[in-house]
Enquirer: 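Have a look at this one.
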Amino acid sequence: MSQEPMFPILNDPVIRAIPWAALTPHEKQAERNHSQSLSQLASRGGLSICEAYYILKDQGYPTLAPKQTPAVKYAYRIALMRLLHGFEKAKEPTP
């Protein structure tokens, strides 16, 4: 079992945490989006899947974000999982 530090994800039945290392390179975006460091956000419970997605994309959180319907949450969950898959693939040694 990995001892990798994990960052909490709020109120999602599938993704409960993501690798902290995936967010670390995007800390400045987290501060721009939330006026808090990753440590502060984690101590307050973490991020939603949508918030984590925008941080990992180095994008501001939209002021007119779509209503958080189950379909919207599902789409963000899939997009976040794709970003995390890319992060994990980049860590693999090349043959």
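Please read these numbers as outputs of a predicted model, since none were measured by experiment. Basis for what follows: all heavy atoms, side chains included, without hydrogens, waters or symmetry-related copies.
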Enquirer: Using 0.5 Å steps for rounding, measure from the CD1 atom of Ile15 to the CG atom of Leu84.
Expert: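 Reported value, rounded in 0.5 Å steps: 6.5 Å.
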
Enquirer: If hydrophobic clusters are built from ILVMFWY residues whose side chains come within less than 4.5 Å, do Leu80 and Tyr74 share one?
Expert: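 Hydrophobic grouping puts Leu80 apart from Tyr74.
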
Enquirer: Looking at Glu27 and Arg32, does any basic side-chain N land under 4.0 Å from a carboxylate oxygen?
Expert: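 No, this pair does not count.
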
Enquirer: Compare every heavy atom of Trp20 with every heavy atom of Met6, then report the nearest pair and how far apart it is.
Expert: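 The pair with the smallest heavy-atom distance is O-CE3, 3.7 Å.
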
Enquirer: If you draw a 6.0 Å radius around NZ in Lys89, do more than 12 non-hydrogen atoms from other residues or ligands fall strictly inside?
Expert: no

Enquirer: About how many Å separate NE2 of His26 and OG1 of Thr24, when rounded to the nearest 0.5 Å?
Expert: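 The OG1 atom of Thr24 sits 9.0 Å away from the NE2 atom of His26.
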
Enquirer: Any idea which heavy atoms bring Pro8 and Gly45 closest together, and the distance?
Expert: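 The pair with the smallest heavy-atom distance is CB-O, 3.4 Å.
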
Enquirer: Should the heavy atoms of other residues, nucleotides or ligands under 6.0 Å from CE of Met81 be counted, would the total exceed 12?
Expert: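 Open: at most 12 neighbouring heavy atoms sit under 6.0 Å from CE of Met81.
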
Enquirer: Give every residue pair that meets the salt bridge (charged side-chain N to carboxylate O under 4.0 Å, His left out) criterion with at least one member in residues 70-83, sequence neighbours excluded.
Expert: Asp12-Arg77

Enquirer: Just verifying a value: how many Å separate His34 NE2 and Leu47 CG, rounded to the nearest 0.5 Å?
Expert: 5.0 Å

Enquirer: Given side chains that start at C-beta, do those of Ser48 and Gln68 come closer than 4.5 Å, heavy atoms only?
Expert: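 The answer is no, as the side chains (C-beta and beyond) never meet within the 4.5 Å cut-off.
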
Enquirer: From Glu51 CD over to Leu10 CG, what is the distance, rounded to the nearest 0.5 angstrom?
Expert: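 The CG atom of Leu10 is 7.0 Å from CD of Glu51, to the nearest 0.5 Å.
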
Enquirer: Between Gln29 and Gly60, what is the shortest heavy-atom contact and its length?
Expert: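 Nearest heavy atoms, Gln29 then Gly60: NE2-N, 3.5 Å.
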
Enquirer: Passes ring pair (Phe, Tyr, Trp, His ring centres under 6.0 Å), Tyr53 versus Tyr61? Steps please.
Expert: CA-CA 9 Å; Tyr53 170 82; Tyr61 195 78; 9.8 Å; no

Enquirer: At what distance, to the nearest 0.5 angstrom, does CD of Gln36 lie from CG of Leu41?
Expert: 4.5 Å

Enquirer: Could you report the tightest heavy-atom contact between Phe7 and Gly46, atom names first, then the distance?
Expert: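 For Phe7 and Gly46, the tightest heavy-atom pair comes out as CE2-CA, 3.8 Å.
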
Enquirer: Which heavy atom of Gln40 sits nearest a heavy atom of Ser43, and at what distance?
Expert: O-OG, 2.8 Å

Enquirer: Tell me whether Val72 is reachable from Leu83 by hopping between hydrophobic residues (I, L, V, M, F, W, Y) whose side-chain heavy atoms are closer than 4.5 Å.
Expert: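 Result: yes, single cluster for both.
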
Enquirer: Working to the nearest 0.5 Å, report the span between CZ of Phe87 and CG of Leu23.
Expert: 8.5 Å

Enquirer: Please say yes or no: joined through hydrophobic side-chain contacts below 4.5 Å, possibly via intermediate residues, are Val14 and Ile49 part of one cluster?
Expert: yes

Enquirer: Looking only at non-hydrogen atoms, find the nearest pair between Ile9 and Ala52 and report the distance.
Expert: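 The answer is CD1-CB, 4.0 Å.
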
